[in-house]
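Below: one structure, written as structure tokens.
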Amino acid sequence: MEETAGERCEPEIAQEKVEVLEKKNEETVELPSSNDSAIDHEINNLTDELGPNLNLAEHEEEIYWQTAEWKSKKHVFVLSSAGKPIYSRHGNEDDLVALFGVMQAIVSVVLDSDDELQSIHTSNTHFTFLRKGNIYLVSVSSIPLETAPITKLQLTYVYNQILSILTLTQLTRIFDQYNNFDLRRLLSGSERLINNLVDFTETDPAFFFNAVECLPLASSARDVVIQAITSSCQKIKNLLFAILLAGNQLVVLIRMKKYNLLPSDLHLILNLVSSSQSFRTAEGWTPICLPDFDASGYMQAHVSYLTEECQTCLLLLTIDRELFFTLSEAKQKIVEKLQKSNVFEQINESIQKPKILASEFGISRLRHFVYKNKNTNQFVYPKYEVPYLLPESQNSLLHLYSQLYQQVNSSQRPLKVIFQQLKTEAVLGWDTKGFELYLIFEPFVTKSEAINAVNKLLKCMKKEEDRLFISNSATF
Amino acid sequence: MQERVDASLNNFYIFNPTFGTTEGEEENKILFFHPPDSDTNNQIKTVGLSEAIIKFTRNFVSQEECKSVHTLKTRQYFYQAQPNYWMVMTVNVPYTKSKNGLKETVYHGENVQDDVYHSILKQAYEMYQLFYDSFQPPSEIQVDLVLLKEKISQFYSKYLQILKISNCDIVDVFQGIQFLPLDKKTYLHAQSFMNQFQCIFHDQVVFSALLVKEHLVWSNIELTDLRTIYRYLITTLLSSHLTENQNGAGTVDNSNLSEMKSGNGISYLNEADYSRFITCPSFYSNIDSEPVTQVPRLILRSGDRSIFQLLVYKVMSSFVCLFVPDAYELTLEFMRSIESFLRSKLIALASELSMHLEKKRFTKGIVSSVGHTFSYVYFNRLNLAQKNTLRDHQAHLTAEVLSMLADISFDSKKKDSVGETIVKTYDDFWIIGQFCNEREFYVVTQQKNSTLIEISDEMKIIRDKQLKSIYFHV
Amino acid sequence: MNSCLSLSENPLRFEPLRKMTTIFYDDKSNEIFTIIHTDVMQVIVENTNLRKKNVYTVKHKRHVISLKFSPDQRILAVQHDKNSIEFMSFVDGIQSSSFTQFAKASNSELLGFVWVSGIEVLFVTNVSLELYQVEYDKKSLKYLKNVSMNISWFLHLPKKNFILLCTGPNGIHLQPYYIQDTNFNKLPRLELDSTHFQKQGKPCTILERDVTLTSCYNQTRVLIFQHSQNGALPGTDIAVYTVSKNIPAKKTHVLKLSLCGRFALNIVDDLIVVHHQISKTSFIFDIGLVIREEDSVTILTPIIDAMPIKIPSDIECELYSPHWVTFQPNIIIDVGIGAFWYLNIDLSNFLTHIEDKCLLVDFLLQRTNGKIYLVKLLNGVMLSENKNLEEIAQLFNRLNLVYKDKLELERQSQVGLPVSSSITIQVYKPLTDMKIAFNQLDMYSNVFTGVADYTYKSSSQKNKKFFTWILLEYIRSLTDYNIPVQHCIHELLINTLVLNKDFQQLHQILQYHVIADSKPLACLLLSLENVYPPAHQLALDMLHRITNATEEITEVLLSKKLVISALRYSDAYGTEGEISYRKYLDIADSVGDPNVFYSVFVEFEKRDQSNSKGISQFSSGGRCDVYVQRFFDRYRKIAV
């Protein structure tokens with residue numbers, strides 16, 4: 001899977017993919033149209049396929065997808081309703097055709113009885129199924145962290161990533177015409193995006209809290225940046241969003257008045273930026289569809305890094321394909337304005353300075369906390385400190401948080417308060433209209449100490465609010 | 001207007017994939033299928049799908065067994081009772097349907113919890129084992145399919161009638177035993193009675209148990225067997241006697257008064273009328289008294305898995321259960337000797353025990369000093385002791401709260417059952433689960449504006465009162 | 001069946017009855033007087049208890065009706081004739097002085113006299129009772145008091161200064177008196193059963209020889225021979241009248257003999273022994289055996305077949321010889337050969353003879369050396385082939401009923417109530433007045449240990465179970481009588497259950513707190529964990545119930561490597577004493593879970609800093625510095 005280092009992502013790429021599609025049409029082999037009897041037929045030979053003849057080449061040394069090592073990995077498969085493989089996180093899709101066939105058969109049999117297959121569970125492995133129109137997504141995970149709701153969300157992200165590449169309209173059109181179409185041709189080159197996104201959904205707290213982290217910055221500095229961008233883009237019509245990112249942290253988000261960006265879309269943007277290094281060297285002009293914003297069409301994103309010494313990435317999102325040069329000029333103006341003020345130093349200094357530390361609040365027996373502002377979907381995730389220094393302890397902390405978040409935000413049984421005294425820590429989750437607060441304490445904390453910690457922390461958050469969060473009032 | 005439909009049984013089938021491997025013989029795989037009237041083709045398809053799913057999961061996790069399949073409308077539970085003998089139960093998920101059909105139905109899959117219903121499926125097999133030992137006939141000769149199917153269908157067609165599917169909760173998983181709280185003196189009276197009985201009938205009666213209503217007082221049955229036997233007694237054999245005067249409060253002999261009314265008018269009440277065998281051989285049951293069930297023959301796993309005949313004798317609200325080895329033939333003389341001993345001794349003890357029951361009945365759900373009502377459930381995994389006020393009518397706990405309880409219990413098991421979990425739900429239910437030394441204690445109360453600390457303090461008072469004589473420290 | 005009545009070994013021998021000798025026996029001072037009329041009157045006095053013989057010589061020879069020494073042995077009172085008594089004092093055996101006292105009542109006839117106390121003498125005449133006081137120095141009697149009535153005869157119960165007078169015009173009434181520090185307490189007259197004391201509708205005189213005054217089950221009893229009048233079947237029965245302080249003595253028992261002839265009575269170990277001369281056999285009755293309801297007469301038959309007294313091996317004598325005279329309670333004197341015996345009883349036959357074991361237990365409980373036979377009985381019942389748990393249960397109930405009485409009486413006596421205490425404690429009225437109480441220690445050491453060894457060796461499962469049932473039955477019985485069960489019984493039950501691997505039964509009795517909590521028992525349970533896992537939980541519960549067992553509980557938790565729970569428990573219940581951080585950290589470290597070690601270390605570090613008074617355990621060179629260093633390397637060095 002080598003990297004396709006396209007110099008400039010010219011708009012016409014999208015068209016070209018569509019023509020390719022038409023040409024391909026004639027040569028495709030006539031496929032049996034799907035109807036009831038086929039399904040039964042498929043079931044019967046299904047069991048045979050899975051039987052002994054699955055491992056086709058006996059004599060070869062064990063094939064990679066039978067090794068226990070491969071089996072124990074966390075898998076994500078994407079296939080079409082016709083059983084055609086689209087994506088597999090591990091291993092080459094072609095080798096797994098039989099496996100995809102079985103998955104498709106199982107899903108469609110359940111579909112056939114007017115029901116929707118959601119998941120299959122063994123004692124500690126979960127197989128999650130998600131059907132989105134003609135796209136079937138399957139995840140196989142034995143990570144305790146990934147309970148059913150989490151894997152379902154991960155699959156939705158993968159689907160959104162595919163949509164962000166092809167848009168929903170194009171996807172439905174293709175499958176309406178050729179339900180046996182091999183989508184991999186259209187997705188070639190974007191496997192890396194999907195891989196990175198899957199990694200993101202397994203390790204990044206932003207995914208588990210369905211929120212975005214902001215770069216702590218003095219509000220004055222932030223206003224200067226906003227001012228620079230809005231003034232430079234006044235005249236530009238059809239400019240929907242201007243986003244300035246420092247790594248995965250949001251510096252500034254300016255939006256057209258009546259539009260808003262959900263965390264899920266922002267996560268796709270973060271994934272786009274972090275997956276391609278090309279934007280660092282050259283301005284990018286790439287089509288992107290933000291499914292939760294508008295799944296039917298593309299937006300054009302002008303992506304560029306402001307300056308050499310201030311590695312922040314500016315994205316200007318518009319629905320007008322012709323705006324490349326105007327946006328490029330706007331970006332230059334913004335850079336000039338910012339260079340006059342000393343904002344760059346402040347931004348760089350904040351990037352270098354370690355994030356918030358839980359210990360700086362002087363709350364006894366507090367190990368770590370997460371504060372999420374529910375109105376702006378922004379959250380604070382303090383830097384890992386003692387005792388969460390090693391990856392596996394950080395991972396188990398994340399597992400604890402994700403479980404807490406799931407319990408508090410469960411669809412059927414949402415919670416206002418949860419306090420748990422566990423073996424080696426105590427946790428407190430608190431959900432109100434405006435914010436969610438999760439705290440991890442030493443096991444010997446008393447309940448009154450915990451409550452005091454909450455009050456103290458809220459005061460600090462209020463005090464630091466404008467440094468830590470971006471109010472979503474900035475508009476064009 | 002919303003109408004909520006509870007969970008219900010969709011289907012229940014038992015199959016063995018090795019019985020019909022060749023084309024056209026698929027039907028042999030199916031050992032039992034409920035509902036019986038579904039056509040064989042559909043049965044084959046359903047079993048086929050289950051088989052496919054089992055094989056599919058084996059692709060990834062060879063040692064782990066497939067346990068459950070979630071779909072939008074159903075939950076399917078798998079249990080490999082014996083190698084290649086698969087039991088599958090499909091439960092229709094509860095859903096709310098809008099009467100006028102405007103809003104589409106909403107399925108509440110989360111209220112059907114895997115661990116709850118998986119244990120219910122396992123219990124179905126355990127009950128089968130109580131009567132037929134196992135699916136596989138002891139001898140390894142070619143399995144006589146017809147006989148096996150006959151045995152299985154005879155048991156499960158009856159069992160599924162009384163199987164409770166809707167709003168099962170944590171108590172169904174505990175499957176605990178309610179011991180009758182007794183002071184030392186009364187307990188010793190019961191113990192002395194049972195010892196004297198065992199002393200006389202030591203060679204004929206191997207195991208025995210003494211119950212008052214659904215409370216166990218004493219038993220020498222191994223715990224593993226006791227758990228299933230207790231459930232069999234409470235849900236099936238004695239259920240008609242237990243519900244008879246469930247709400248009959250008041251005097252001790254109220255139980256037999258109602259019996260009198262239903263029976264032959266109000267005749268002078270002497271002991272003979274309300275002490276009799278509930279199960280005994282046909283030759284012994286006199287015609288005019290209450291109908292008597294045939295002597296059930298049960299298989300106990302403790303000891304060398306031998307078969308026992310179960311005799312149950314009732315006096316007022318006390319039941320004596322006697323397990324006589326199958327080999328011992330129940331003679332008239334033997335039955336008379338048992339009845340004469342029981343009648344002479346049990347009546348005094350039974351009235352003493354029912355006194356305790358009455359006292360206990362009125363110490364139901366607790367009201368805290370500040371006037372809040374609490375329901376609680378306690379379970380000890382080591383001796384299966386269970387106290388439960390969740391299901392009292394005035395507890396009116398929502399399905400969500402009961403599921404929340406089950407969540408807390410299963411979550412704690414993953415974290416070696418130590419410590420405490422307190423949650424407050426959006427409808428202001430506080431649910432507190434505490435775990436210590438193989439024991440679980442839950443309290444539920446609905447309080448609008450109490451703080452976490454107030455609730456925790458009230459909980460401590462309740463726990464110290466209810467569990468004062470055991471080590472339970474969180 | 002060999003007899004159970006025997007005469008005491010090497011009896012006291014004295015001069016047999018001859019022409020010129022007369023023999024008297026004073027049952028108050030237990031002395032035998034042999035008077036030899038030679039030229040001078042020689043009086044040989046032999047004390048039957050001390051076996052000391054003294055010889056006194058009296059100057060003049062006069063007829064002697066009766067003679068008694070004063071309780072302090074200084075004065076010998078002799079009645080020579082119907083109206084006076086001579087009081088003599090002696091100096092080393094020779095009469096030194098004497099004075100005579102005549103009955104005060106005019107023309108009265110002296111029936112006899114009794115020393116009432118050291119210096120007081122009671123004269124009983126046919127018309128009066130006269131009480132005098134001896135004044136040694138004046139050598140005379142000082143008259144104190146008298147009561148006049150006509151008396152035909154009288155009987156005297158020495159131990160209790162109790163006098164029974166046959167009064168009324170022709171001796172038809174029996175009037176008891178009770179003399180206490182010089183005044184006469186008149187007790188209500190005996191309510192005689194008219195049917196036996198009337199001839200043609202008129203009360204007839206009561207003959208002295210038909211009446212015996214004695215004490216049985218420490219109540220004064222009047223035993224009266226009733227010769228049946230209705231001729232159908234001739235024979236005599238014995239009516240027993242029980243005297244009590246305030247209500248008139250009523251007939252309480254009738255001993256059926258339906259025999260006639262001469263009888264003699266003895267009381268042995270509270271058993272009424274009736275000797276029948278013609279058949280040379282004795283009958284034994286026990287009036288204590290049946291719980292008597294108020295004012296009803298209990299008819300009793302002999303509790304064992306009549307049997308002769310065993311011939312004594314060490315002396316030639318004729319049984320039931322006419323020379324035999326019986327005195328209360330169990331004295332037999334053969335004046336013919338000059339022998340003084342005590343009548344004894346051997347209980348062993350009763351074991352086999354009385355079928356009803358409960359009756360037998362009641363019987364044995366009232367015998368002085370009943371305990372040995374109770375032990376034999378209990379062992380027999382527990383080791384017998386036909387295992388009758390029901391019967392054993394009843395035996396336990398009977399034993400414990402008496403045991404309860406004894407405990408209650410002891411407790412009552414220890415509770416010294418200040419005289420003026422307002423609270424009126426209900427004076428404990430003992431249900432039974434048994435002689436012995438068969439307490440838990442007797443049961444444990446003499447019965448249970450033996451049966452336990454037998455059961456341990458026996459292979460039969462039923463024997464093993466039977467022994468646990470017995471122990472449980474015993475505990476049930478003690479509990480019913482609210483007697484706290486001693487530790488040895490609990491321990492024996494637990495060990496038996498453990499030996500039989502009957503853990504479920506053990507669990508149930510602990511669950512219902514049948515066995516008292518104790519630390520040794522909790523430790524025993526802990527040791528059972530690998531054989532019966534729930535025992536560990538039971539042990540912790542027990543320790544929790546014992547008040548000051550916090551250290552033990554924390555130790556148990558630490559032994560299970562539950563460091564955090566142990567620390568939490570000792571915080572909540574422990575004393576303020578300094579916890580050894582080092583001990584907890586050693587265990588936390590051995591758990592192998594870094595989170596546990598981290599949590600405990602951080603907690604102690606926090607406590608160590610904030611605790612001002614004690615010496616810091618975390619300072620360098622302190623006991624925990626090996627961990628301080630390790631913590632620094634693992635957590636602090638990287639972060640810095």
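Throughout, protein chains are lettered first and strands after them, A, B, ... in sequence-line order, and every chain is numbered starting at 1.
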Subject >> Tyr95(B) atom OH, over 12 foreign heavy atoms within 6.0 Å >> reply: no

Subject >> Donor-acceptor contact below 3.5 Å, side chain Asp115(A) vs main chain Lys73(B) >> reply: yes

Original post:
Which heavy atom of Phe56(B) sits nearest a heavy atom of Met103(A), and at what distance?
Top reply: CE1-CG, 3.4 Å

Original post:
Backbone N or O of Val109(A) within a donor-acceptor pair of the Lys45(B) side chain at under 3.5 Å?
Top reply: no

Subject >> Lys71(A) to Asn59(B) - nearest heavy-atom pair and separation >> reply: CE-O, 2.8 Å

Subject >> Residue pair Ile453(B) / Lys447(A): nearest heavy atoms and the distance that separates them >> reply: CD1-C, 4.0 Å

Original post:
Is a donor on one side and an acceptor on the other found under 3.5 Å between the side chain of Glu65(B) and the backbone of Thr122(A)?
Top reply: no

Original post:
What are the two closest heavy atoms between Tyr426(B) and Leu415(A), and how far apart are they?
Top reply: CE1-O, 3.5 Å

Original post:
Side-chain donor-acceptor pair under 3.5 Å between Asp411(B) and Gln407(A), yes or no?
Top reply: no

Subject >> All side-chain contact (heavy atoms from CB on, under 4.5 Å) counterparts of Leu398(A), not counting sequence neighbours >> reply: Pro205(A), Phe208(A), Tyr381(A)

**OP:** Residue by residue, scan residues 111-119 of chain B and write down, ordered by number, those that have a heavy-atom distance under 4.5 Å to chain A; if none do, write 'none'.
**Re:** Asn111(B), Gln113(B), Asp114(B)

Original post:
Under 3.5 Å, is there a donor-acceptor pair linking the side chains of Thr421(B) and Gln420(A)?
Top reply: yes

Original post:
Quick one: what part of Thr398(B) sits under 4.5 Å from any heavy atom of chain A, side chain, backbone, both or neither?
Top reply: neither

Original post:
Once the angle between the rings of Phe77(A) and Phe60(B) is folded into 0 to 90°, is it parallel (under 30°), tilted (30 to 60°) or perpendicular (over 60°)?
Top reply: tilted

**OP:** First locate atom CG of Leu111(A), then atom CG of Leu72(B), and finally report the distance between them rounded to the nearest 0.5 Å.
**Re:** 11.0 Å

**OP:** Please identify each residue that fulfils side-chain contact (heavy atoms from CB on, under 4.5 Å) with Leu153(A), with sequence neighbours left out.
**Re:** Tyr157(A), Phe207(A)

Subject >> Region of Val474(B) that comes under 4.5 Å of a non-hydrogen atom in chain A >> reply: both

Original post:
Quick one: of Glu110(B), Glu400(B), Lys414(B), Gln434(B), who has the most non-hydrogen atom pairs under 4.5 Å with chain A?
Top reply: Glu110(B)

**OP:** With sequence neighbours left out, write down each residue that passes side-chain contact (heavy atoms from CB on, under 4.5 Å) with Gln446(B), or none if nothing qualifies.
**Re:** Phe429(B)

